[in-house]
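When a residue number appears, it is its place in the shown sequence, counting from 1.
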Amino acid sequence: MIHYPFEFDAIVVGGGHAGCEAAWAIAQSGFRALLITLDLDRIAQMSCNPSIGGVAKGHLVREIDALGGIMGRVADAAAIQYRTLNASKGPAVQSTRLQCDTQLYRREMLRRLTHHPNIYLVQARVEDVILENNQVSGVVVNGDVFYKARCVVLCTGTFLRGLCHIGDYHFEAGRSGDTASVRLSDKLREMGIKLKRLKTGTPPRLLKRTIDYSKLEIQPGDTEITRLSFYEDQPLLPQVPCYITYTNEKTHDIIRAARERSPLFNGTIHGIGPRYCPSIEDKVYRFPDKDRHQIFVEPMGLETDEIYPAGISSSLPFDVQIAFVHSIPGFENAHIIRPAYAVEYDAIETGQMMHNMALRDIPSIFLAGQINCTSGYEEAAAQGIMAGINAVRWLKGEDPFVLRRDEAYIGVLVDDLIMRGADEPYRMFTSRAEFRLSLREDNADLRLSKYGHELGLLPDDAYAKCLQKQSDIERLTHRLAKLHVKNLDKSRISNAERIPEQGNLAQLLKMPQITMDMLVQGNAEIASFSPAVRRNVEISSKFDGYIQRENARIASFVDMESRKIPADFDYTTVSGLTTEVLTKLQKYRPANLAEAGRIPGMTPAAINAIWIAIKR
């Protein structure tokens, strides 16, 4: 065996979105991170769709940015369209979504990683994690080369025993064009790590010039741009539109006729796929009453003619793909650059990981991304930064850094994976958060930047921007209470007749017919504050009653979180627990009553019995 001459503090396995954030977090904290990936040219590859953000996913990216991560900054540098989703709904569910130039995204991420003095990149395939006395000592890569480190972060994506399917054509790969990681999967099993099979997929890629755009609906981006990063102001790239088309009955008939040739239905695929991002054949069979399904036609970049038709992921044979693609309006003569395919891969069984992203039985191994049964770039990156942060905390002998469910969507994500598990690839939704009015996109910096700065990830100048924003919010709130209707120039305000004859501006802003934009039109001092500050103040004003009620619920939640359960607590001493509840408590080992209450099947009576036993 060849021993590499340098020692590292942590090794990150996998250069996807989880691995990039994990390596960055470790390096920003002052530790040496070795990032090992199969192909350096595919660092941060957008293997599926060319977008970052979306409903709830935009919240995750903003939280990553607030903590000092890099996904939002890289996405802004590569953005070719910005859109605010749910713009007509309440602020809690409004989310930012970016279309990215995938080549620029990858190049920008690689540039940032290679320029960081504490990040070292290696192109290799990890085949073993070496343990000494149940403690990581390093990894072995192909060629029998040993790299030494004290902890490992596994961000293996879909590569663990990855198997791709295009009809009856099957090949080992983590994604098309890349090899699978088989030996590492076998080694993890030998360590006693329980794995299961999951599945995801991707649509065919089309050649732009062969699409008839006259038959498609145009979907332009926003004219007022909301960047994903709070702290960087990247130069804006040329902005381009997306388009929409739909499947039809002919499309569905072609897919139905090929049912027996689909690996999804003929028993070839054993992994469980994502419920909320199903393949087109799954949608056709699951929703037989729907006569069409929407397809978003998305550019992959400014310098490529490759088009991503979101909504028609498939594992059907290539000839069937050609037929159903050509049945779709605008795609009649579309040339398929890359066929759609499904990929099966290994992920861990629920109950083996702790809230600090480490394995319960091997605490020097941390996990992030699809190995934890999630789907999506944003979910992976959120886990990556948390795994990187906690790897550093472990190296320093410090307590884990864990975000509560009332503090961040990242807290919701991690807690769901630990306490509720995932039988299918997990996707974040705003509905998963109990306190979503408090966990908005616009206030992620106010919620989390303090943590990022304390952890050493967020630089002083970036944190200063957050503090300035907080100060400006307080100043504007104070000024609105001091200014009155007489301080408004109504001649400059649209719909000025809606404005009452008396009252201060803080009182006016609570009225549904009065907007911050109206106050901006009528008062130059208010207009001098940034849009982000004005938006925060307006939301706080109009939703003040709801926010106060939510804060009361949060206080109750935090109280339950504070009721700790000793790590060595013997649940068999608690009378009245059913065998099912006792088994789950021993499996999940909740740290407090709130966590215990989130275990599936847990009852209020059981929680009360546990608390009584602890107090005794």
Side-chain angles (χ1 to χ4, degrees), residues 56 58-59 62-63 66 84-96 222 224-227 230 406-409 430 433-450 465-555 557:
H59 292 69
R62 284 253 170 137
E63 291 178 352
T84 300
L85 306 186
N86 291 334
S88 62
K89 298 181 180 179
V93 298
Q94 293 176 10
S95 301
T96 305
D222 294 344
E224 294 185 11
I225 301 299
T226 302
R227 298 180 189 271
F230 294 103
D406 63 294
E407 291 182 301
Y409 271 85
T430 53
E434 301 93 329
F435 311 111
R436 63 186 187 182
L437 186 55
S438 298
L439 306 182
R440 305 186 309 274
E441 253 197 21
D442 66 276
N443 68 2
D445 55 340
L446 304 177
R447 290 185 277 117
L448 300 179
S449 292
K450 179 181 178 181
K465 290 183 179 180
C466 175
L467 295 178
Q468 184 61 55
K469 178 180 175 181
Q470 181 66 64
S471 175
D472 288 346
I473 288 171
E474 293 170 0
R475 285 198 303 117
L476 179 54
T477 302
H478 177 75
R479 289 303 295 150
L480 290 176
K482 295 292 184 181
L483 295 172
H484 289 73
V485 173
K486 64 183 180 181
N487 299 117
L488 292 176
D489 182 356
K490 291 188 178 181
S491 66
R492 304 177 62 88
I493 301 176
S494 304
N495 302 313
E497 67 278 1
R498 298 180 180 178
I499 300 176
E501 294 301 321
Q502 57 185 1
N504 66 47
L505 301 193
Q507 294 169 332
L508 263 61
L509 194 56
K510 291 181 180 292
M511 300 176 181
Q513 75 273 21
I514 306 298
T515 66
M516 182 65 81
D517 284 343
M518 295 169 68
L519 303 186
V520 167
Q521 293 170 22
N523 186 280
E525 183 182 357
I526 297 173
S528 68
F529 288 88
S530 72
V533 168
R534 299 196 303 257
R535 174 176 169 75
N536 186 282
V537 172
E538 182 171 22
I539 292 171
S540 298
S541 176
K542 292 195 179 299
F543 292 87
D544 179 55
Y546 296 101
I547 292 172
Q548 287 187 35
R549 285 199 290 271
E550 187 160 280
N551 286 340
R553 290 173 49 226
I554 289 173
F557 172 83

Check your understanding: Checking D222 side chain against T84 main chain: does a donor-acceptor pair fall under 3.5 Å?
Key -> yes
Review point. Atom CG in L467, atom NZ in K450: separation rounded to 0.5 Å?
Key: 10.5 Å
**Study point:** Backbone of R440 reached by a side-chain donor or acceptor of R447 within 3.5 Å
**Key:** yes
Exercise for review: For the residue pair L439 and H59, establish whether any side-chain heavy-atom pair is separated by less than 4.5 Å.
Suggested key: no
Check your understanding: F529 and V520: side-chain contact (heavy atoms from CB on, under 4.5 Å), yes or no, with the steps?
Key -> CA-CA 9 Å; F529 288 88; V520 167; over 6 Å; no
Point to revise | Which residues share a salt bridge (charged side-chain N to carboxylate O under 4.0 Å, His left out) with R227, sequence neighbours left out | key: D233
Exercise for review: With sequence neighbours excluded, give me every salt bridge (charged side-chain N to carboxylate O under 4.0 Å, His left out) pair touching residues 523-540.
Suggested key: R479-E525
Practice item. Grab the two heavy atoms, one from Q94 and one from A87, that are nearest each other, plus how far apart they are. Key: NE2-O, 3.4 Å
Review point. Is a side-chain donor or acceptor of N86 paired with a backbone partner of V93 at a separation under 3.5 angstrom?
Key: yes
Exercise for review: Flag the pair D472 and R475 as a salt bridge only when some basic side-chain nitrogen lies within less than 4.0 angstrom of an acidic carboxylate oxygen.
Suggested key: yes
Review point. How long is the span from the CD atom in E63 to the CZ atom in F230, to the nearest 0.5 Å?
Key: 9.0 Å
Practice item. Would you confirm whether S95, through its side chain, and A56, through its main-chain N or O, come within 3.5 Å as a donor-acceptor pair? Key: yes
**Study point:** Heavy-atom check, side chain of I554 versus side chain of E434, under 4.5 Å
**Key:** no
Practice item. List for me each residue that meets salt bridge (charged side-chain N to carboxylate O under 4.0 Å, His left out) alongside K89, sequence neighbours excluded, and say none if there are none. Key: none
Could you list the donor-acceptor pairs under 3.5 angstrom formed between side-chain atoms of residues 493-510 and any protein atom two or more places apart in sequence or on another chain?
unit_1	atom_1	unit_2	atom_2	d
N504	OD1	A506	N	3.1
N504	OD1	Q507	N	2.8
Q507	OE1	N504	N	3.1

Practice item. Assess whether side-chain contact (heavy atoms from CB on, under 4.5 Å) is satisfied between R62 and L448, documenting all intermediate values. Key: CA-CA 10 Å; R62 284 253 170 137; L448 300 179; over 6 Å; no
Check your understanding: Nearest heavy-atom pair of Y409 and A92: which atoms, and what distance?
Key -> OH-O, 4.3 Å
**Study point:** ring-ring contact (aromatic ring centres under 6.0 Å, His included) against F435, all qualifying residues, sequence neighbours excluded
**Key:** F557
Exercise for review: Taking N443 for its side chain and S438 for its backbone only, find out whether a donor-acceptor pair lies under 3.5 Å.
Suggested key: yes
**Study point:** R553 CZ: over 12 foreign heavy atoms closer than 6.0 Å
**Key:** yes
Check your understanding: Would you find a donor on one side and an acceptor on the other, under 3.5 Å apart, between the side chain of T477 and the backbone of I473?
Key -> yes
**Study point:** For E474, salt bridge (charged side-chain N to carboxylate O under 4.0 Å, His left out) partners two or more places apart
**Key:** none
Study note, to complete from the structure: Tightest non-hydrogen contact, residues M516 and L476, listed as CE-CD2, 4.2 Å
**Study point:** Side chain proximity check, L519 to L480, heavy atoms < 4.5 angstrom
**Key:** yes
Review point. Can you tell me how far the CG atom of L437 sits from the CD1 atom of I539, to the nearest 0.5 Å?
Key: 8.5 Å
Practice item. Report yes or no: does D544 contribute a side-chain atom to a donor-acceptor pair with the main-chain N or O of S541 at less than 3.5 Å? Key: no
